[in-house]
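The structure under discussion appears below in the form of structure tokens.
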Number of protein chains: 2
Amino acid sequence: MIRGMVAPMHVTVDLVVLTVRVGEFLALTIRRKLDPFAGRWALPGGFVLEREDLVDAAVRELSEEAGIGSMRTHLEQLRSYGQPDRDPRGRVVSVAYLALVPDPGEPTAGSDADAAAWKPVDSLLRSRTLAFDHAAILRDGVERARAKLEYTSLGAMLIPEPFTINELRAVYGAVWGREPDARNFHRKVSSAEGFVEPTDETTTRGGGRPARLYLRGPARLLHPPMLRS
Amino acid sequence: MIRGMVAPMHVTVDLVVLTVRVGEFLALTIRRKLDPFAGRWALPGGFVLEREDLVDAAVRELSEEAGIGSMRTHLEQLRSYGQPDRDPRGRVVSVAYLALVPDPGEPTAGSDADAAAWKPVDSLLRSRTLAFDHAAILRDGVERARAKLEYTSLGAMLIPEPFTINELRAVYGAVWGREPDARNFHRKVSSAEGFVEPTDETTTRGGGRPARLYLRGPARLLHPPMLRS
DNA sequence: GCGCACTATCGTCAGACTGACGATAAAGAG
DNA sequence: CTCTTTATCGTCAGTCTGACGATAGTGCGC
């Protein structure tokens, strides 16, 4: 049906899965069981099945390779990578997805991996340990996440509900590498329409005066944005 | 080299090519010569060659199908589309690119098309005339372009150099559907570091008092952004 | 050559928002 | 019951924006 001179290619999805745990900005990595790059760390991912939509493949890999359900997950397409030599097995085009999840605890390795682990984003980016072009994909995903914290409410997708405003502030500190001022952050978040919804509960888990607990609000975009400055 | 159960797919690039001409926001379309959708209007695009990088395929199609060189063109990846049934010929994953060009005049149809034309974005989006899922791709591209005018200097890629500030303002009006205030726009653009570079020349082509001519500046991001409000 | 129409550019001003930081509130620790 | 710690509210000056007034240079019609 398609003229023969056009070579078909393999299509994969790769996942940049990000979370924050105790003040650290982490990405999910797996250790590859098979060649190429057997034994090396990589981003989770896999081939798109014959009749499978791209986003469905991403959801499936998230579940298979990381044991992460799609319920509390923000998942968006990042971009595609198609350099002809990016995979030694042949021509493979990868559609990368970005997932932001509240810390789900230790990951369980899927069938293609002999280990899975959360690793600090900074050290992954500095240490060229990732297989394929996954360092570039991770860099793009991290950049997108950092940018989106500015003008969306997605920061709240990186912690479990309910959370205090200071816990949310720690997310921004971990992702941006710089803590916003607590008082200005509190003013901004609590006055931004629909960013967070207060509950009746408070907690003292951070020590000090009890802090109100919040849930994620319905707003997705922030007007005006929160500036990294 | 890759286990047999994973079916290879065809990979294409599709192009959302946008420009502004006499106050109208236009997208490049071609009329398809071949099935599927022969005779229907579509976005320019085509198959990625066996050893060709994705962006190279986009540059090639831009040149082949629209006669647009890559010199004065802003080209960025938009996103990928991979619904299993999006192409009746079989499984085709398309990587869409967004191009912003200064009006290059009437397009010349490439070999896969029997016509090429600039059409107003709004009417294309309203009238469900585009083949495949190209209406969705165009919508995403237009949305990206509208958003990027806010926080980048890309508006200047939509008009030929040199230009007056008012001509640039007309670009914003065409893309956003609403003209910013001339005086505030002038203040903002001329005070934003590196957005535009003044020349020594002026023009009276708009009538009235001579306007200074500007070139595109080196800045790509605007801090703070220009608000659609 | 003169005033008019037109666009370009500069200025003004109130309101919104930000960053820096002071001050007070409400817990637990000792 | 005082100290430490975190939470929350306030203050204030500086920046940026939107609305809009005012002035500056052109070409055009007469």
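The sequence lines fix the lettering, A, B, ..., with proteins before strands; numbering per chain opens at 1.
- Of the two residues near DNA chain D, B/Asp181 and B/His223, the one whose nearest nucleotide lies more 5' is B/His223.
- Listed by first then second residue, pairs satisfying salt bridge (charged side-chain N to carboxylate O under 4.0 Å, His left out) with a partner in residues 205-214 of chain B read B/Glu167-B/Arg205, not counting sequence neighbours.
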Take B/Asp14 and B/Tyr81 through the side-chain hydrogen bond (donor to acceptor under 3.5 Å, both in side chains) test and state the conclusion after the steps. CA-CA 10 Å; B/Asp14 284 314; B/Tyr81 300 80; over 6 Å; no
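- Along DNA chain C, the nucleotide nearest B/Arg169 and the nucleotide nearest B/Asn184 are compared for position; the residue whose nucleotide lies closer to the 5' end is B/Arg169.
- Whole-Å rounding puts the B/Leu227 CG to C/dG15 P distance at 20 Å.
- Ring planes of B/Phe195 and B/Tyr172: perpendicular class, angle over 60° (limits at 30 and 60°).
- In this structure, B/Pro180 reaches neither bases nor backbone, as no heavy-atom distance under 4.0 Å exists between it and the strands shown.
- Regarding A/Lys188, its NZ atom lies at a distance of 10 Å from the C1' atom of C/dA16, rounded to whole Å.
- The residue among A/Arg183 and B/Gly208 whose nearest nucleotide of DNA chain D lies closer to the 5′ end is A/Arg183.
- Position along DNA chain C of the nearest nucleotide to A/Arg209 versus A/Arg187 favours A/Arg187 as the more 5'-ward residue.
- Along DNA chain D, the stretch of nucleotides lying under 4.0 Å from any heavy atom of chain B spans, 5' to 3', D/dC16 to D/dT26.
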Pair A/Thr29, A/Leu130 - check side-chain contact (heavy atoms from CB on, under 4.5 Å), show working. CA-CA 9 Å; A/Thr29 56; A/Leu130 290 176; 4.1 Å; yes
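- Residue A/Glu193 qualifies as open at atom CD: its count of foreign heavy atoms under 6.0 Å is 12 or below.
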Would A/Asp112 and A/Glu64 satisfy side-chain contact (heavy atoms from CB on, under 4.5 Å), going step by step from the backbone distance to the final call? CA-CA 9 Å; A/Asp112 292 351; A/Glu64 285 181 7; over 6 Å; no
